[in-house]
Amino acid sequence: MYGDGEGTVWDRVGRPRRDCMCYLGPPTTLMPIGMRKSPDVSPRRLSDISPQLRQLKYLVVDESIKEDLKSSRSVEDINSASIEERILRITGYYGYQPWNAVYNREDRPRENVVGTADGQPVSGGAGAESGSGKRRLHCCVKVTAVQVRKALWGIAMVICVCSSWAGSTQLAKLTFKQFDAPFTLTWFATTWNSLFFPLYYMGHLCKSTERQTPRQRFRECCRFFGDDGLTAKVFFTKVAPFGLLWTLTNYLYLQALRKINTTDVSALFCCNKAFVFLLSWIVLRDRFMGVRIVAAILAIAGIVMMTYADGFHSHSVIGITLVVASASMSALYKVLFKLVLGSAKFGEAALFLTIVGGANFVFISFVPVILYFTHVEYFGSPADIPWAYLCGVAGLLLAFNILVNFGIAITYPTLISLGIVMSVPVNAMVDLYTCDINFNTVRLIAVFIICLGFLMLLLPEDWDQCLIQLSTKLRKREQPAEGVEAGTSSGLNWSRRGRTSMSTFTH
């Protein structure tokens with residue numbers, strides 16, 4: 001210990017001792033370069049740390065440590081602090097020791113030595129960059145593996161969605177040759193929605209670690225409708241309207257299949273994506289995007305050209321009107337669901353569709369009976385009903401709705417939507433070999449621009465920024481290697497600088 005002649009005693013590391021009053025000569029200027037201070041000692045004035053201030057100009061800070069300091073939150077606090085607070089924190093008071101974890105002066109030599117992730121020392125800043133590069137590489141590989149897995153699942157999902165949607169459309173077309181009852185088929189297929197929640201609960205038992213009873217899971221999912229759960233008021237105000245929209249969407253779609261071919265129906269139904277955007281822009285006040293306006297215009301132009309392709313005959317015009325109305329009902333269903341109920345989890349969506357299917361069976365069963373006795377939809381005896389076709393259509397529609405609603409758990413929503421538009425060429429190939437369809441130039445152009453508009457609607461909101469970033473990265477890769485080498489050499493020269501100034505900590 002040394003005294004400063006004023007009653008202050010200093011220890012070997014330059015800390016003032018207030019518990020001793022002695023006069024032993026001038027204060028020491030010897031101090032480890034790390035200048036680590038105990039957090040329990042706080043000076044009262046700058047003169048108490050004058051020896052430490054004189055050591056700042058001899059402070060040697062490694063390049064990697066300076067980068068850590070620049071990115072640390074404490075340095076941001078220093079920038080907004082006073083000069084006195086900056087000096088106190090830099091010299092180690094208040095427990096601020098940013099380089100203590102990676103730079104131990106007593107245990108390491110004077111050379112630039114930093115620790116890697118596994119604790120083994122590596123000389124120079126290049127070793128630190130190598131260790132951090134390995135960590136970044138490992139992270140990138142992990143993220144890439146996740147993306148590849150989701151992409152592979154997405155390819156399988158595109159095939160399944162396309163097959164289920166195109167298969168249900170083609171099978172419904174065949175069903176009408178033996179069973180000309182579109183509303184009865186709609187009622188029968190919608191009733192199968194009652195299987196949503198049981199199937200979801202089976203998946204819950206297989207995947208969840210905390211298993212619940214069906215009643216517990218049901219009550220938990222009922223919170224989606226409000227604090228009171230599913231009441232009669234909630235049912236008639238928030239569930240029944242969507243059940244009617246669901247039934248109208250499917251009924252109009254099946255009616256359109258009775259009038260026109262499956263290629264035109266599947267292509268025109270893709271316009272529902274444009275209608276969703278327009279309604280969301282008007283009702284939900286979603287962000288305006290010029291590319292989506294162009295896509296909506298293409299969809300409308302495709303509808304007009306599709307009507308013109310058959311010469312504006314009454315039969316085709318009625319069919320096109322029906323499928324456009326079906327697409328409009330589908331868009332209205334989606335927008336109102338988001339407006340009234342918001343976003344739903346998997347269990348909540350499964351419960352909602354199950355309630356829709358059950359309500360369809362309970363409250364709409366009388367309509368097929370009335371249509372049967374009025375001979376509007378007369379199908380003879382129950383033995384004459386093609387039950388295999390009916391079950392096939394209902395099963396494929398159920399599979400399609402399951403994939404669309406729950407497929408986002410394993411892949412990207414864009415790939416699921418891509419499966420819908422891929423059903424158009426599949427239906428076109430089937431129609432080409434199974435029925436007499438005239439693929440004239442106008443029809444092909446109409447189908448193409450409708451599908452193009454659908455794909456444009458799948459673009460994310462920040463697609464223009466993504467293109468700018470991609471072009472920037474491509475330009476950086478095309479830069480000459482000499483510029484990279486020059487930057488590397490300048491970085492090496494900078495890492496060799498042995499001294500730092502106070503300005504390093506203020507930026």
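For reference, positions follow the sequence shown, starting with 1.
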Does the side chain of [X] reach to within under 4.5 Å of the side chain of [Y], using non-hydrogen atoms?
X: Gln178; Y: Ile385; answer: no
X: Trp281; Y: Arg285; answer: no
X: Cys391; Y: Trp192; answer: yes
X: Tyr412; Y: Met157; answer: no
X: Ser328; Y: Asn272; answer: no
X: Asn405; Y: Tyr200; answer: no
X: Cys271; Y: Ile450; answer: yes
X: Trp153; Y: Lys150; answer: no

Counting N and O atoms only, with roles assigned by atom type, does the side chain of [X] sit under 3.5 Å from a partner on the main chain of [Y], one being a donor and the other an acceptor?
X: Ser163; Y: Cys160; result: no
X: Gln255; Y: Leu322; result: no
X: Thr307; Y: Ile303; result: yes
X: Lys173; Y: Leu257; result: yes
X: Thr169; Y: Thr262; result: no
X: Ser423; Y: Ala166; result: no
X: Gln216; Y: Thr213; result: yes
X: Ser326; Y: Thr249; result: yes
X: Thr354; Y: Phe197; result: yes
X: Ser471; Y: Ile468; result: yes

Subject >> Derivation of the side-chain contact (heavy atoms from CB on, under 4.5 Å) call for Ile364 and Phe183 >> reply: CA-CA 10 Å; Ile364 309 182; Phe183 190 87; 3.8 Å; yes
Original post:
Can you list the steps and then say if Phe269 with Trp165 is a side-chain contact (heavy atoms from CB on, under 4.5 Å)?
Top reply: CA-CA 11 Å; Phe269 191 77; Trp165 185 237; 3.9 Å; yes
Subject >> Within 45° cone and under 6.0 Å: Lys238 NZ/CZ vs Phe225 ring >> reply: no
**OP:** Go through the steps for Phe361 and Ser194 under the test side-chain contact (heavy atoms from CB on, under 4.5 Å), then give the verdict.
**Re:** CA-CA 9 Å; Phe361 179 77; Ser194 304; 5.6 Å; no
Subject >> Steps toward side-chain hydrogen bond (donor to acceptor under 3.5 Å, both in side chains) verdict (Thr263, Asn427) >> reply: CA-CA 5 Å; Thr263 303; Asn427 285 321; over 6 Å; no
Closest approach of [X] and [Y], non-hydrogen atoms and distance?
X: Ser417; Y: Phe454; value: O-CE2, 3.3 Å
X: Ala299; Y: Ala274; value: CB-CB, 3.9 Å
X: Val234; Y: Gly229; value: CG2-O, 3.9 Å
X: Leu279; Y: Val335; value: CB-CG2, 3.7 Å
X: Ala189; Y: Ala394; value: CA-CB, 3.8 Å
X: Asp286; Y: Lys338; value: OD2-NZ, 4.3 Å

**OP:** Evaluate the criterion side-chain hydrogen bond (donor to acceptor under 3.5 Å, both in side chains) for residue pair Asn360 and Thr191; output intermediate values, then yes/no.
**Re:** CA-CA 6 Å; Asn360 173 80; Thr191 304; 3.0 Å; yes
Subject >> Carboxylate-amine/guanidinium proximity below 4.0 Å for Glu220 and Arg217 >> reply: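 Looking at Arg217 together with Glu220, the answer is yes, because their closest N to O distance falls below 4.0 Å.
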Original post:
Is any side-chain N of the basic residue among Asp228 and Lys233 closer than 4.0 Å to the acidic one's carboxylate O?
Top reply: no
**OP:** Check the surroundings of atom CZ in Phe448: do more than 12 heavy atoms from other residues, nucleotides or ligands lie under 6.0 Å from it?
**Re:** no
Original post:
So does Phe176 have more than 12 non-hydrogen atoms from other groups sitting under 6.0 Å from CZ?
Top reply: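 Yes, the 6.0 Å shell around CZ holds more than 12 heavy atoms from other groups.
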Separation between [atom1] of [X] and [atom2] of [Y], rounded to the nearest 0.5 Å:
X: Ile420; Y: Leu403; atom1: CD1; atom2: CG; value: 10.5 Å
X: Phe224; Y: Ser343; atom1: CZ; atom2: OG; value: 8.0 Å
X: Ile408; Y: Leu415; atom1: CD1; atom2: CG; value: 12.5 Å
X: Asn401; Y: Leu396; atom1: CG; atom2: CG; value: 11.0 Å
X: Asp264; Y: Arg443; atom1: CG; atom2: CZ; value: 4.5 Å
X: Ile355; Y: Asn193; atom1: CD1; atom2: CG; value: 12.0 Å

Tell me if the centroids of the rings in [X] and [Y] come within less than 6.0 Å of each other.
X: Trp246; Y: Tyr251; value: no
X: Trp387; Y: Phe379; value: no
X: Phe235; Y: Phe363; value: yes

Subject >> Step-by-step side-chain contact (heavy atoms from CB on, under 4.5 Å) determination, Leu452 to Met456 >> reply: CA-CA 6 Å; Leu452 179 61; Met456 292 174 65; 4.2 Å; yes
**OP:** Using the ring pair (Phe, Tyr, Trp, His ring centres under 6.0 Å) rule, take Phe337 and Phe352 through it: C-alpha gap first, then chi angles, then the decisive distance, then the call.
**Re:** CA-CA 11 Å; Phe337 188 93; Phe352 180 83; 5.2 Å; yes
Subject >> Partner of His375 by ring-ring contact (aromatic ring centres under 6.0 Å, His included), out of Phe373, Tyr372, Tyr378 >> reply: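 Result for ring-ring contact (aromatic ring centres under 6.0 Å, His included) with His375: Tyr378.
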**OP:** Among Leu199, Leu397, Leu195, find the residue that satisfies the side-chain contact (heavy atoms from CB on, under 4.5 Å) test when tested with Ile402.
**Re:**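 Of the listed options, the one satisfying the test is Leu199.
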**OP:** Please report the C-alpha distance between Phe242 and Tyr333 in whole Å, then the side-chain angles of each, then the deciding distance to 0.1 Å, and finally whether the ring pair (Phe, Tyr, Trp, His ring centres under 6.0 Å) criterion is met.
**Re:** CA-CA 6 Å; Phe242 292 102; Tyr333 175 93; 5.6 Å; yes
Original post:
Would you call the rings of Phe406 and Phe196 parallel, tilted or perpendicular if under 30° counts as parallel and over 60° as perpendicular?
Top reply: perpendicular
